[in-house]
Amino acid sequence: MPEPEFLRFLNPPQREAVTHGEGPLLVVAGAGSGKTRVLTYRIAYLVGHLGIAPPHILAVTFTNKAAGEMRERVRALLGASAAALWVGTFHSTCTRILRKEIHHLGYSPGFVIYDEKDQVGVVREALRRSGLDERVYAPRAVLWHIDRAKNEALSPEDLAARADGPQSAQIAQVYAAYQQLLRTSSALDFGDLIRLTVLLFERHPRVVQWYRERWRHVLVDEYQDTNTAQYRLIRLLVGGTSNLCVVGDEDQNVYSWRGATIRNILDFEKDFPGARVVKLEQNYRSTNVILQAAGAVVRRNRRRRPKALWTDRPGGDLVVLHEARDEFEEARFVVEEIRRLAAEGYRPGDIAIFYRTNAQSRVVEEQLLGANVAYTVLGGVRFYDRAEVKDLLAYLRVIHNPADAVGLKRIINSPPRGIGKTTVERAETLAREEGIPLHEALRRFSQDDSTLGATRRKVGDFLAMIERLREKAQDGLVSAIVQKVIMETGYVRHLVEEDSPESRSRGENIQELVTSVFAFEESTPDASLASYLDQITLVSDADGLAKTPDHVVLMTVHSAKGLEFPVVFMVGMEESLFPHSLSLDDPEAVEEERRLCYVGMTRAKNRLYLSRAGARRVYGSLRFNEPSRFFAEIPPELLSASSPFEAFAAPKRVHAARRTVIRKRAGAAPDRRGRTIDYSYDQSGEHDGNDGAPEPLPLESGMRVRHPNLGFGTVDRLDGEGARARVVIRFERAGVRTFMLAYAELEIV
DNA sequence: ACGCCCCCACTTTTT
DNA sequence: GTGGGGGCGT
């Protein structure tokens, strides 16, 4: 067969990867080196040249966006036959497998998928059942341990066997109780989707055999982000043939907190003997300046293979460094630059603004709004996280799977129908004692004479309503079911009766949900309640973002991975923000921050701006962060400073600062959320509202103090005298100094 | 059972 | 600066 025409568009290493035949293949793909092109062309090559039928190919990605893009690009190469190809995320792929096979593990195929918030609720209940105090075992911390175990495909028993003390044994026990709860609820969490698929394949050789025969070639994108469970899954899937092609770049591993381990990519040749390794080092995206700057940063890391990324785009504009007084001026600078760029011919859609944490988007948004620049924010507060949306979705979940205890608890009294905490608690106790799902316990209440008449009736009515909806859902469209739910539950009626600005906005969100259901039905041929529920839990808001050429895009650096923009702004380049304060103590974590910085920088094609604010408000108190260490790692000749570097290195003057106590005061104006608070200054911390002059602050420079958020620090100086003095506190962590104005209550130690 | 209010923890990143 | 959970009073 003649070589396909499209190979002409590839450079030699790309071509080598694309035309590799059987056996393991690792493609080390530097940023912007055309890895998606290699993956898609390779699929086209397998199909068109090696005669592999599309159903025999599995391509796995991490995000739905990446999956969608790959499917699109393969379709462009192969046409209609591409439809038979299975391209999906790890989680969606496992969901589809489990929907078919999970009965082998004794679960119901109608399982629901719990998100992180649902998980916290389950951990709470598991703690209660284990007789542990939430205040000692923080639910989120326990969940972190459970998730970590799941990322390594460890069962509760495995974790118990590894326990090295009473506390870890307790956690293993909570994990067991947690798992029990999930099972009675017919629910799986994200970690289970992978872990149980691994378990299924390990325990049922005939099942895994079926999938091995089905998928004779497996391709994995972003291999550096795989965790141990995913690694084991891949091994099981490819079996002895090892027709496996993985693409990745250890410099872009930014998900180790989710269990991703660089080990998988670094040890690929050991894991899959005889593997061919191809390095893609030519970057087609960025100017040489940007590439050099980003490379200089990531080069500081120890755990990586040396790389020589190069581009034939010489020179380029210098990386712009901007030091602003505070976050407002920083945002204003960005907006002004965007305007200037417009004059140069850049469109808003060419421009992206990255930040480390979602909370940072707000200031930028305000400035963009003020300047009338259209923008889109990716991620952040998710639509599906809104209370009213979650309520309606919980109805759908319970209709689909009545055993779903988390969903049931959520909706049982929403809108209020007179079923209170006591009743739910009693039902939970009964459920635990009898080992039955919560809805079974409730059913007994509704039938049991020992239950109070009124409660019996209310619970009975509620269950009957769910049952009615369930019947209607059997053969209805999802949109019809949603509308039935809205009608039958009186959810919207309740909001209308409330008639507050808040309830109106909730009504709008519900309307939006209904609209999104219609959109889902239009775009999905086999739309069903189950597939809709899977979709919304497995798809993030960012995935659904339509391309909007006239909008500037705002997102975290994490969600920027895999994207590219002609112009990139990275804001908040400050110590303890980027690298983040939670990473400072751990050198490995700092290396991850550095990789994240590298990922952000290499998204830029033509222009890159890095900025920081000398002062910034964090949780309501003012902080002065030093410039990010990543600044200093960029060779100066690649930089153009748009403001004097020293100007804001340390606070010269600070504005207001006293010991602050927040108290409610009658008659104060309500805030946006309807709360009446009044900021009153009082150094005693006891009481305000008196008319006498406040006493002088009992502070001197050099004194050790404790701040509720930042921990121990030292009084750097006091500006001014008496109670009007401004107090600057210096905090130090892992060699990083943070200054802040003492706004919160300080304790002298 | 309900609603108001206080207090706390949260915010690093997401399938 | 914000959302949620728990406590308290009705």
Side-chain angles (χ1 to χ4, degrees), chain A residues 60-67 88-95 113-117 120-121 124 134-135 138-141 147 150-151 188-194 222 225-227 229-230 253-260 354-363 378-382 385-387 413 416-425 452 454-455 458 534 536-543 555-561 572 576-584 589 592-593 595-596 599-600 617-621 662-664 671-677 679 708-709 743-744:
Chain A
V60 191
T61 63
F62 272 88
T63 66
N64 296 287
K65 197 176 3 174
T89 64
F90 273 99
H91 292 86
S92 67
T93 303
C94 287
T95 303
I113 302 166
Y114 277 0
D115 68 13
E116 201 190 322
K117 289 208 170 113
V120 173
R124 282 219 161 84
E134 278 189 19
R135 284 164 304 192
R140 298 203 62 98
D147 270 337
K150 291 192 172 191
N151 286 336
L188 267 59
D189 60 21
F190 285 121
D192 275 348
L193 293 174
I194 315 292
E222 308 275 17
D225 284 336
T226 50
N227 62 32
Q230 287 156 342
N253 167 305
V254 290
Y255 286 108
S256 70
W257 50 275
R258 233 166 67 191
F354 302 158
Y355 33 77
R356 179 66 180 81
T357 68
N358 277 309
Q360 289 168 253
S361 74
R362 194 159 144 186
V363 191
L378 258 80
V381 181
R382 291 162 161 235
D385 275 347
R386 313 252 162 96
N413 204 30
R417 51 174 72 88
I419 306 173
K421 217 167 35 183
T422 326
T423 308
V424 174
E425 263 166 29
L452 205 69
T455 310
K458 286 183 216 159
D534 282 350
I536 51 166
T537 35
L538 295 177
V539 172
S540 66
D541 287 2
D543 293 322
M555 69 187 90
T556 63
V557 193
H558 276 90
S559 38
K561 198 164 79 155
S576 85
L577 200 58
F578 202 0
H580 198 272
S581 55
L582 297 180
S583 308
L584 295 177
E592 176 143 335
E593 297 281 321
R595 289 193 293 270
L596 189 56
V599 166
R617 203 164 281 280
V618 184
Y619 319 116
S621 58
I662 299 171
R663 287 193 187 289
K664 188 189 160 190
D671 71 356
R672 274 192 304 137
R673 306 169 60 215
R675 286 193 286 208
T676 46
I677 48 170
Y679 296 81
N709 291 330
Y743 260 103

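Side chains are part of it too, since the values below use all heavy atoms of this structure and drop only hydrogens, waters and symmetry mates.
A pairwise comparison of heavy atoms in Val599(A) and Val557(A) identifies CG1-O, 4.4 Å as the closest pair. In terms of heavy-atom proximity, Val120(A) sits nearest to Pro139(A) at CG1-CB, 4.3 Å.
Base engagement by Glu116(A) is indicated by at least one non-hydrogen atom pair under 4.0 Å involving a base atom. Across all strands, Thr422(A) comes closer than 4.0 Å only to sugar-phosphate atoms, never to a base (heavy-atom distances). Among the atoms of the strands shown, base atoms are found under 4.0 Å from some heavy atom of Phe190(A). As judged by a 4.0 angstrom heavy-atom cut-off over every strand, Asp115(A) is placed among residues making no nucleic acid contact.
When the C1' atom of dG6(C) is taken as reference, atom NZ of Lys421(A) falls 7 Å away, rounded to whole Å. Remark: C1' of dT13(B) and CG of Asn253(A) are 12 Å apart, rounded to the nearest angstrom. What separates CZ of Phe578(A) from C1' of dT11(B) is a distance of 15 Å, to the nearest Å. Here dT15(B) presents its P atom at 7 Å from CZ of Arg258(A), a figure rounded to the nearest Å. Look at CZ on Arg140(A): it is 13 Å from P on dA9(B), rounded to the nearest Å. Rounded to whole Å, atom C1' of dT2(C) lies 15 Å from atom CZ of Arg617(A). The nearest whole Å value for the distance from the CD atom in Glu592(A) to the P atom in dT14(B) is 13 Å. Between the P atom of dT13(B) and the CG atom of Leu378(A) lies a distance of 14 Å, rounded to the nearest Å.
Mapped onto DNA chain B by nearest heavy atom, Glu593(A) and Pro416(A) fall at different nucleotides, with Pro416(A) at the one closer to the 5' end.
The shortest distance between the side-chain N/O atoms of Ser559(A) and the OP1/OP2 oxygens of dT14(B) is below 4.0 Å. Close to dT14(B), at under 4.0 Å from its OP1 or OP2, lies a side-chain N or O of Thr556(A). At dA1(B), one or more side-chain N or O atoms of Thr423(A) fall inside 4.0 Å of OP1 or OP2 (strictly under the cut-off). Distances shorter than 4.0 Å separate none of the side-chain N or O atoms of Asn151(A) from OP1 or OP2 on dT15(B). Neither OP1 nor OP2 of dA1(B) sits under 4.0 Å from any side-chain N or O of Arg417(A).
Within the model, atoms CG of Leu596(A) and OG1 of Thr556(A) stand 8.0 Å from one another, a figure rounded to the nearest 0.5 Å.
Using a 3.5 Å distance cut-off with no hydrogens or angles, the side chains of Thr357(A) and Gln360(A) do pair a donor with an acceptor.
Ring orientation note: the planes of Tyr255(A) and His558(A) are tilted relative to one another, at an angle of 30° to 60°.
Considering only side-chain atoms of Tyr255(A), the nucleotide from dT15(B), dT14(B), dC2(B) that sits closest is dT14(B). Closest to the side chain of Asn358(A), from the set dC2(B), dT14(B), dT11(B), is dT14(B). In this structure, the nucleotide among dG6(C), dT14(B), dT11(B) sitting nearest to the side chain of Arg124(A) is dG6(C). Closest contact between the side chain of Arg362(A) and the listed nucleotides dT15(B), dA1(B), dG1(C) involves dG1(C). When distances run from any side-chain atom of His558(A) to the nucleotides dT14(B), dT13(B), dC2(B), the shortest one goes to dT13(B).
Residues forming a side chain to side chain donor-acceptor pair (under 3.5 Å) with Ser256(A) (at least two apart in sequence, or on another chain): Glu592(A).
Where stacking is scored as ring centres under 5.5 Å apart with planes under 30°, Trp257(A) registers as stacked on the base of dT13(B).
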